[in-house]
Amino acid sequence: MASQEQSPKGRDIPAIRRVVLNDVSQLPSDYSSTPGGTLFSTTPGGTRIVYDRSRLMQLRNSPLARSPPANMAKIPGITDFNADALSPKLKDKENGLTEEKDHLKEDGKYGHDEHPQFEMDI
Amino acid sequence: MNNKFEALTSAKTSNQETDRLKAEDSDDEEEPFRPAPKPGEGEHPLQYNYAIWFSRRSQNSKSVQYDKNLKFIASFASVEQFWNIYSYIVRPGDMSGHVDYHLFKEGIRPMWEDDANKHGGKWIIRLKKGLASRCWENLIMAMLGEQFMVGEEICGAVISIRYQDDILSLWNRSNDSTITSRIRDTLQRVLNLPPHTIMEYKEHTESIKDQTSFRNTNFVR
């Protein structure tokens, strides 16, 4: 190979993760994901802390992610310490949800985010 | 363009910048800057700490300085801290008027003139009404999760609620075209943009000259 000397020495991606699919329904619904997450879950050398969208969404349901923030600025109408007071209708409106979901406390926080990516018409 | 290297140097001074921010804000009684808490046990740390800011154009006078309208909301260092904050602020699509959220790396003020920003620029995507919350969420998740793979380049993201349409911006440190095109491609992917979506890039030096955020941009398809 003529270009051997020029090519920089790379490092291996530290871990190879194999994901076995048992059913076609386990395939991600969009091209931006690979089964089990996005293409890179770790960078060479492990120098970056990387999370794909589904991992972040999953962590949202952790009990650690549910406490009201302690040191947040109070801005009337913007930072809302009483999230349940916001009408769920208002929160779901923009996502075009056809029906009002259960008025559970979680509704505003978790409800509509679990819908798959949609095609946008911009 | 070698701006990149200069910009990278300024990355290393981010602690000093944080200190400077604290010092600057200490006389502002309203919302002093507070550094992110250390991630607690069991929390998932992020590659960078971030701060979220809010701004609303003042109704009385449009000439009030931009940074006077800028309000610091909170900063965070872990995925869990992010969700805690995010769940307790109004979603951008539910706001009205001339308002913005700015989510920037801690130590970078959401201003053109900041050392981290001044050699860079931003990608701009105009959104029809109704898409702001979803697109904003996807953008910031990609940013927090380090999906852009451009090293230290990303500075922050902004969602701007306006009367006609809403505008998503992603700011980066340099105007190096290799980097900006990589950012553009990742934006298309993470936002799931239709293939012919128009994207615009504007360098902050241009914004400083014409004093507008979203006019006189370079169009790219």
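Just so you know, these numbers use all the heavy atoms, side chains as well, and skip hydrogens, waters and symmetry mates. Chain identifiers are assigned alphabetically (A, B, ...) following the order of the sequence lines, protein sequences preceding nucleic acid strands; residue numbering begins at 1 within each chain.
- Glu146(B) contributes no side-chain N or O that, together with a main-chain N or O of Gln47(B), makes up a donor-acceptor pair within less than 3.5 Å.
- For the pair Thr197(B) (side chain) and Leu193(B) (backbone), a donor-acceptor distance under 3.5 Å is absent.
- Proximity of a side-chain donor or acceptor of Asp114(B) to a complementary backbone N or O of Arg109(B) within less than 3.5 Å is detected.
- Neither the backbone nor the side chain of Phe82(B) has a heavy atom closer than 4.5 Å to any heavy atom of chain A.
- When heavy atoms are compared at a cutoff of 4.5 Å, Phe76(B) does not approach chain A at all.
- The contact between Met141(B) and chain A is made by backbone and side chain atoms together, counting heavy-atom distances below 4.5 Å.
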Passes side chain to side chain donor-acceptor pair (under 3.5 Å), Ser169(B) versus Lys202(B)? Steps please. CA-CA 10 Å; Ser169(B) 318; Lys202(B) 185 166 186 184; over 6 Å; no
